[in-house]
Participant: 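The structure under discussion is supplied below as structure tokens; questions concerning it will follow.
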Amino acid sequence: MKFIKLLLFFPSVALAHHGKDFFVTLDTAVPAAFHPVVFSSLEWSKTGSEDEIGFESGFLLGLAPGFAMGAAVEIENDGSDLRYASTSPLLQYKIPTGDFPVSFGISVRHSFANGTSGGHDHGKHKHGGGGGSGDSEHEGEHGGDEGTSAPPQEGPPPPGESPVEPPHDHGSHDHEKPATGGGVDLGPDALSSPLKFGKNRRTQSADHAHSEDEDSEDSHEGIHRHGESYTEVRLLAETQLAPKTSLVTNFISVLPDDGGIYFGYALGVRQKVTETFSLGLEAIGDFSDHGEHEIVGGLYFYPTHHCALRLGAGTGIGPISSDFSLHSGITFEF
């Protein structure tokens, strides 16, 4: 119900994907010099019992033949409230190819995330105790003051008393799994994909293994970034498979400000049905063993040559992808 109200309120392309014909895929179209394009989008997704809403609005202005620049602002939900999430300047260039049947382009954007929009501080980890204020906070290598532990007892214990164990030194061992069993089994997610060169949050420290519950907070490891600043580069290609059928492909590179690089893809196919109505199918995901993937089907309506309206629905593929999503968008060329 919340999504329907927002859909009616906003003049609702997701995440600055400002092509007229797609949601998560970026086409090679660039506005003519000194002609602006404005775009707006609204996306709702559900994963388990959690809802997520994102709204974005921006513009793209042609500066020279085949070259444009613009910016977008993103708002997302924080529990039950919407809040400012990021601002993203962007550039796009369409490479001249003459009569070649495939057009190529490149898009670059940098997302400046809101400093209070979340993210995860991995310099410290909190471990829940039995309840109350039993949480302990420690630095990444478990160093620091160990408190006022009793010194090791020398000699045999007094009659009727148990021997006192020496203090446990956290700074000199590696938390390795004993050969006889026990410990934490990291499972298959502990292995980094050969195409994911960024730090894997599941294995970011050789000295500390996170539980599965802790890892669930550190989702969106690949090209899907939330609450952090990053640079995204897309290599674009577009062609006509048939007079009324177009295909667009994106090779995506994402470089978070805190280091690493992640790769992904986006594909889109659009079938023109009439002069004012088209159907489309898109897919986006990570080039990693445990990444997010989504398929989106869309309806596209063109009331005028300068305006495109979109409405779509999608579903995730894989255990960490969204269960269901709804997409809407509008693009207007001046």
Side-chain angles (χ1 to χ4, degrees), residues 13-19 22-30 39 41 43 54 56 58 60 66-72 74 85-95 97 102-113 117 119-120 189 191-204 218-239 247-269 282-296 314 316-318 320-322:
V13 213
L15 303 179
H17 307 326
H18 46 269
F22 298 97
F23 290 105
V24 297
T25 311
L26 187 60
D27 59 38
T28 61
V30 174
F39 53 89
S41 69
E43 177 183 345
E56 185 176 67
L60 193 66
F67 179 72
M69 68 177 299
E74 185 178 3
S86 65
T87 297
S88 303
L90 53 99
L91 299 172
Q92 185 167 337
Y93 178 64
K94 184 176 182 179
I95 301 172
T97 56
V102 181
S103 60
F104 299 95
I106 183 171
S107 172
V108 180
R109 63 176 286 172
H110 185 82
S111 177
F112 294 95
S117 63
H120 307 284
D189 286 341
L191 301 178
S192 298
S193 165
L195 289 177
K196 186 195 288 186
F197 300 110
K199 61 182 181 182
N200 188 330
R201 289 188 176 114
R202 297 184 184 273
T203 57
Q204 60 180 335
D218 295 334
S219 59
H220 309 292
E221 282 190 338
I223 63 172
H224 303 81
R225 316 305 299 183
H226 287 246
E228 59 182 300
S229 299
Y230 64 91
T231 299
E232 178 192 270
V233 180
R234 291 192 179 217
L235 302 180
L236 319 174
E238 182 175 359
T239 189
L247 170 67
V248 175
T249 64
N250 296 176
F251 177 75
I252 306 171
S253 303
V254 171
L255 298 87
D257 283 6
D258 63 357
I261 182 170
Y262 302 87
F263 298 111
Y265 67 91
L267 301 170
V269 178
E282 300 177 62
I284 187 170
D286 299 297
F287 286 143
S288 65
D289 296 335
H290 307 282
E292 293 185 58
H293 303 269
E294 185 179 18
I295 295 177
V296 180
I317 301 175
I320 67 171
S321 302
S322 60

Participant: Using 30° and 60° as the class boundaries, would you call the ring planes of Y93 and F67 parallel, tilted or perpendicular?
Facilitator: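 Aromatic pair Y93/F67 classed tilted.
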Participant: Is there side-chain contact between S41 and F23, with heavy atoms separated by less than 4.5 Å?
Facilitator: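 Not touching, per the 4.5 Å side-chain cut-off.
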Participant: Is there side-chain contact between D257 and E228, with at least one heavy-atom pair below 4.5 Å?
Facilitator: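 No. Closest side-chain heavy atoms not under 4.5 Å.
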Participant: Could you check whether any side-chain heavy atom of Y262 comes within less than 4.5 Å of a side-chain heavy atom of D286, counting everything from C-beta outward?
Facilitator: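 The answer is no; the side chains never approach within 4.5 Å.
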Participant: Does a side-chain heavy-atom distance below 4.5 Å link I106 with V233?
Facilitator: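 In short, these two side chains touch, coming nearer than 4.5 Å.
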Participant: Once rounded to the nearest 0.5 Å, what's the spacing between atom OG of S253 and atom CG of L235?
Facilitator: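 Answer for the OG-CG pair, S253 versus L235, is 6.5 Å.
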Participant: So does V24 get a backbone contact from the side chain of E282, meaning a donor-acceptor N/O pair under 3.5 Å?
Facilitator: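 Indeed, once roles are kept as given, a pair shorter than 3.5 Å links the two residues.
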Participant: Can you tell me if N250 uses its side chain to pair, donor with acceptor, with the backbone of L26 under 3.5 Å?
Facilitator: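 It does hold such a pair.
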Participant: What distance do I252 atom CD1 and L236 atom CG have between them, rounded to the nearest 0.5 Å?
Facilitator: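 Reported to 0.5 Å precision, the distance equals 9.5 Å.
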Participant: Below 4.5 Å, heavy atoms only, C-beta onward: do M69 and P89 meet side chain to side chain?
Facilitator: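 No, too far: nothing below the 4.5 Å cut-off.
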Participant: Tell me the closest heavy-atom pair linking G268 and T25, and the distance in Å.
Facilitator: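 Here G268 and T25 meet closest at N-OG1, 3.9 Å.
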Participant: Let me know which of I295, V296, I223 forms a side chain to side chain contact (heavy atoms under 4.5 Å, CB included) with I284.
Facilitator: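 Per the side chain to side chain contact (heavy atoms under 4.5 Å, CB included) rule, the option paired with I284 is I223, out of I295, V296, I223.
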Participant: Please tell me if the side chains of S111 and R225 come closer than 4.5 Å, counting only heavy atoms from C-beta onward.
Facilitator: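 Contact flag for S111/R225 side chains = no.
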Participant: For the residue pair T28 and F104, what are the closest heavy atoms and their distance?
Facilitator: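 Heavy atoms of T28 and F104 come nearest at CG2-C, 4.1 Å.
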Participant: If you look at every heavy atom in Y230 and P256, which pair is closest and at what distance?
Facilitator: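 In this case the closest contact between Y230 and P256 is CB-CA, 3.8 Å.
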Participant: If you take all heavy atoms of V102 and T97, which pair is closest and at what distance?
Facilitator: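 So the two residues come closest at O-OG1, 3.6 Å.
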Participant: Minimum heavy-atom separation for F22 and V269, please, with both atom names.
Facilitator: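 It is CE2-N, 3.7 Å.
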Participant: Let me confirm one number: the CG-OG1 distance from L90 to T87, rounded to the nearest 0.5 Å.
Facilitator: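 Reported to 0.5 Å precision, the distance equals 11.5 Å.
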Participant: Closest approach of L60 and F39, non-hydrogen atoms and distance?
Facilitator: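 Looks like N-CE2, 4.2 Å.
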Participant: Could you pull out all residues at least two apart from V30 that satisfy side chain to side chain contact (heavy atoms under 4.5 Å, CB included)?
Facilitator: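 A68, Q92, K94.
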Participant: How far does CD1 of I317 sit from CD of E292, to the nearest 0.5 angstrom?
Facilitator: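 Between I317 CD1 and E292 CD, I get 12.0 Å after rounding to 0.5 Å.
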